[in-house]
Amino acid sequence: MSDPATGISRDDVAHLAGLARIDLSDAELDHLATELPAILEHVASVQEAAGADVPAMSHPVPVDNVFREDVVRPSLTPEAALAAAPASDQQRFLVPKILGES
């Protein structure tokens, strides 16, 4: 059964949950089937507020990157970096296995 105003059904919500890999209970699907139209209305109202004259931005406050020049500088050799390591293999630190990894 779908909402006549939006055409969003419980099956539509279940499909979206599957695409998002979200496991929802039957009660949650029923609840979201009634809530999703309101959520979409709010998204639509936000989209209306940002007209063509509003520039797109990723942050509400202007941010300048403070990157330094990419300059090669002297650094440790792999041997020097691994000199105090408890264990190493092929110029890499060895760490204990966790979570049953093989």
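Basis for what follows: all heavy atoms, side chains included, without hydrogens, waters or symmetry-related copies.
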field: Full working for side-chain contact (heavy atoms from CB on, under 4.5 Å) between I8 and L40
entry: CA-CA 10 Å; I8 296 173; L40 293 175; 3.3 Å; yes
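Proximity of L16 to L32: side-chain heavy atoms (C-beta onward) are nowhere separated by under 4.5 Å.
Shown are L19, D11, D12; of these, the side-chain contact (heavy atoms from CB on, under 4.5 Å) with H15 is made only by L19.
For S25, the side chain to side chain donor-acceptor pair (under 3.5 Å) criterion is met by E28, not counting sequence neighbours. By the side chain to side chain donor-acceptor pair (under 3.5 Å) test, D23 is found to be paired with no residue, residues two or more places apart in sequence or in another chain being considered.
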Result block: side-chain N/O donor-acceptor pairs under 3.5 angstrom for residues 80-92, not counting sequence neighbours:
from: Q90; atom 1: OE1; to: R92; atom 2: NH1; distance (Å): 3.3

Table please: side-chain donor-acceptor pairs of residues 59-72 below 3.5 Å, with sequence neighbours left out.
from: H59; atom 1: ND1; to: V61; atom 2: N; distance (Å): 3.2
from: H59; atom 1: ND1; to: V61; atom 2: O; distance (Å): 3.1

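The minimum heavy-atom distance between A17 and L24, with the atom names listed, is CB-CD1, 3.6 Å.
Distance check: L36 CG to E41 CD gives 10.5 Å after rounding to the nearest 0.5 Å.
Alongside L76, the hydrophobic cluster contains no other residue (criterion: ILVMFWY side chains under 4.5 Å).
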